[in-house]
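Contents: one structure, followed by commentary.
Proteins come first, then strands; the chains are lettered A, B, ... in the order of their sequence lines, and each starts at number 1. Keep in mind it's a predicted model, so treat the numbers as computed, not measured.
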Amino acid sequence: MLRLMDTRTRSVETITPATPGVLSVYACGPTVYRYAHVGNLRTFLLTDLLRRTAELLGLQVRLVQNITDVGHLQDDTNLDADGEDKLLAQARLENKDPFAVARFYEDAFHRDLALLNVKPADAYPRASESIDLMLSLIATLVDKGHAYVGEDGTVYFDARSFPGYGAISGNRLEDLRAGHGATGESTATGKRFHADWALWKRASENRAMTWDSPWGHGFPGWHIECSAMSLDLLGETIDVHTGGIDLRFPHHEDERAQSDCAVGHEVVRHWVRGEHLLFEGRKMAKSTGNVVLVSDVVARGFDPLALRLAFLSSRYRQQANLSWDAIAGAQRTLDRWRAAVAAWAEEPSKPMCAEVQQDVLEAFSDDLDTPRALQVLRKLEKSDLPAGAKFETFAWADRLLGLDLVRDVGKAPVPLPAGAAELLASRAAARAAKDFAASDRLRDELAVLGVAVKDTPAGQEWTLS
RNA sequence: GGCCGGGUGGCCGAGUGGCUUAGGCAAGGGCCUGCAAAGCCCUGUACGCGGGUUCGAUUCCCGCCCCGGCCUCCA
């Protein structure tokens with residue numbers, strides 16, 4: 001049985017799909033105006049772990065993840081026609097068409113997911129291609145009295161029309177400060193109430209990324225896209241909705257209000273959110289200047305899956321403090337496990353260790369307790385169970401871990417650099433003759449070529465560094 | 001002002017009303033080795049502060065301090 005921390009009820013809930021056997025999951029995706037940083041990816045990994053666990057438990061998973069390529073403003077309080085969209089700002093910076101920018105970073109997003117072994121979702125709907133869905137949802141909300149056209153021509157959701165507003169975030173309408181952050185002053189002109197938010201914004205004719213609508217030429221607000229696309233692709237009941245903790249408010253609060261008001265009942269059954277990743281003690285953010293990309297991890301010589309392992313070593317709903325040391329430590333473990341798995345694979349296959357298998361699956365089922373699962377596997381690694389059983393169990397567990405642990409099994413030997421074979425032969429001869437001065441000199445020469453030599457009872461062995 | 005999450009040994013990080021009190025990294029000692037490397041073994045008794053509940057609290061409750069985040073940009 002899969003259990004997850006539901007941030008609405010604030011307790012660990014057993015996940016029972018509304019449709020038996022089929023788990024529907026909606027994951028808040030990226031706004032594709034820049035590369036995703038590793039903090040973003042940690043949240044996407046959460047969805048992947050959920051999916052892998054559910055599948056191993058025998059559920060069919062229907063996963064939808066949106067691509068936000070329009071409507072996400074730099075500053076949502078600036079609701080006039082010049083409100084700057086994140087994508088438009090980036091397009092201006094890069095001197096490109098905004099949709100070209102969006103497609104570029106969307107491709108990068110998919111590549112990053114692949115590098116982290118995150119399985120693709122079943123659908124990646126784009127906001128810009130779901131405008132009709134949003135317009136019809138907005139019309140429904142206006143008809144039902146949950147939305148109104150403000151004096152500025154923008155369509156707003158009436159926050160006070162949804163009694164459950166605030167249930168996710170714990171924010172009470174009367175305690176919300178008007179305006180942006182602590183500054184206090186609202187800059188929006190057409191709202192009836194400061195907590196109302198825009199569903200459709202009026203825009204001037206010459207603005208890019210705009211569409212015609214019954215409420216004039218304009219563009220959608222950020223929150224409405226998730227309601228529209230999730231209702232369309234997953235229906236009026238969604239088992240699990242994932243995202244980052246920072247989306248709790250206002251994004252998810254507003255999405256819930258829109259979806260529930262449109263269909264008349266609770267749409268999302270469970271909200272699951274990943275905590276922030278800190279880097280060197282600070283939240284990873286552009287404004288903090290500590291953004292790390294997958295490409296940065298690769299540039300430092302690490303396997304992207306070392307990053308995945310580093311993430312697995314802490315619980316998704318705990319803030320984690322990542323560092324280069326932590327990634328390096330994960331890389332060492334990853335290397336050791338891959339080598340061990342490859343060595344075990346040489347031994348006769350034995351049945352999986354059922355107890356370990358059960359413990360690992362139970363750890364994942366228990367609100368994705370990956371640190372515990374890793375502990376179970378470390379114990380197995382050091383146990384005196386047959387190598388064949390260790391191999392089978394690790395190979396099985398990798399379906400959850402996604403670390404390519406069997407990558408080096410039966411791997412063809414890597415060719416030596418030119419001249420290295422001769423040096424190795426000379427060194428073997430020198431050692432046989434107990435000429436250790438020559439032996440040490442040859443070891444240094446091989447190291448320069450990138451060949452690391454170590455001596456074992458069976459003779460010298462080498463690896464490429 | 002409101003809301004959320006934390007404070008665990010040198011560092012990172014699990015966890016728990018008592019039990020041999022994770023694990024990793026780093027450190028020290030040892031085995032092994034011609035020397036290294038790798039590996040293996042051993043060592044280090046920690047839970048922010050003050051109260052309370054309890055036979056017993058790091059774990060539960062209250063207060064306080066500190067840290068991170070959110071309050072209409074954010075995974």
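Of the nucleotides present, none pairs with B/C19 by Watson-Crick or G-U wobble criteria with both distances under 3.5 Å. Remark: B/C70 base-pairs with B/G2; criterion is Watson-Crick or G-U wobble with both hydrogen-bond distances under 3.5 Å. The partner of B/U33, taking Watson-Crick or G-U wobble pairs whose two distances both stay under 3.5 Å, does not exist in any strand shown. Nucleotide B/A27: paired with B/U43 (Watson-Crick or G-U wobble, both distances less than 3.5 Å).
Using a 4.5 Å heavy-atom cutoff, the side chains of A/E225 and A/M134 are in contact. Inter-residue side-chain proximity for A/V240 and A/D6 is flagged as unmet; no heavy-atom pair is nearer than 4.5 Å. Contact annotation: the side chain of A/E347 never approaches that of A/F391 to less than 4.5 Å [non-hydrogen atoms, C-beta and beyond].
In this pair, A/H146 and A/F157 present their aromatic rings parallel. The plane angle is below 30°, not in the 30 to 60° band. A/W197 and A/H223 have perpendicular rings, their planes meeting at more than 60° on a 0 to 90° scale where under 30° would count as parallel.
Rounded to whole Å, the P atom of B/A38 lies 16 Å from the corresponding atom of B/G29. Rounded to a whole angstrom, the distance from the C1' atom of B/G13 to that of B/G17 is 23 Å. Separating the P atom of B/A27 from that of B/C4 is a span of 43 Å, rounded to the nearest Å. Across the C1' atoms, B/G9 and B/U21 are found 12 Å apart, a figure rounded to whole Å. One C1' atom belongs to B/G10, the other to B/A46, and the distance between them is 12 Å to the nearest Å.
Comparing B/G13, B/A75, B/U72 by their closest approach to the side chain of A/W197 singles out B/U72. In the set B/A14, B/A75, B/U72, B/A14 carries the atom at the smallest distance from any side-chain atom of A/P371. For A/F249, the listed nucleotide lying nearest its side chain is B/C70; candidates were B/C70, B/C4, B/A75. When distances run from any side-chain atom of A/Q375 to the nucleotides B/C70, B/G23, B/A75, the shortest one goes to B/G23.
Base contact: A/L277 has a heavy atom under 4.0 Å from a base atom. As judged by a 4.0 angstrom heavy-atom cut-off over every strand, A/R273 is placed among residues making no nucleic acid contact. At a threshold of 4.0 angstrom between heavy atoms, the contacts of A/G39 include nucleobase atoms, whether or not backbone atoms are also involved. Residue contacts shown for A/H251 are absent, as no nucleic acid heavy atom lies under 4.0 Å away.
A salt bridge links A/D367 and A/R315; the closest N-O separation between the charged side-chain nitrogens and carboxylate oxygens is under 4.0 Å. Here A/D369 pairs with A/R372 in a salt bridge; the nearest charged N to carboxylate O distance falls below 4.0 Å. A salt bridge is defined here as a Lys NZ or Arg NE, NH1 or NH2 lying under 4.0 Å from an Asp or Glu carboxylate O, and A/K191 with A/D196 fails to meet this definition.
In this entry the distance linking CG of A/L309 with P of B/G23 reads 17 Å, nearest Å. The separation between A/L247 atom CG and B/G69 atom P is 16 Å, rounded to whole Å. With rounding to whole Å, A/K191 atom NZ is found 9 Å from B/U72 atom P. Note: CZ (A/F311) to P (B/G13) measures 13 Å, nearest angstrom. One can place CG of A/L334 at 13 Å from P of B/C25, the figure rounded to the nearest angstrom.
Of all the residues in residues 316-326 of chain A, A/Q318, A/Q319, A/A320, A/N321 reach under 4.0 Å from RNA chain B with at least one non-hydrogen atom.
In this structure a side-chain-to-backbone donor-acceptor pair under 3.5 Å is missing from A/R8 to A/A167.
Aromatic ring centres of A/H37 and A/F279: separated by at least 6.0 Å.
Remark: A/N171 pairs with A/S169, A/L176, A/F249 by the side chain to side chain contact (heavy atoms under 4.5 Å, CB included) rule, at least two apart or across chains.
Heavy-atom nearest nucleotides on RNA chain B were determined for A/R372 and for A/R10, and the one closer to the 5' end corresponds to A/R10. Each of A/K379 and A/R34 was matched to the nucleotide of RNA chain B holding its nearest heavy atom; the match closer to the 5' end belongs to A/K379.
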Generate the contact string for nucleotides 35-40 of chain B. Rules: B means base contact, S means sugar-phosphate contact only, - means no protein heavy atom under 4.0 Å. BBBS--
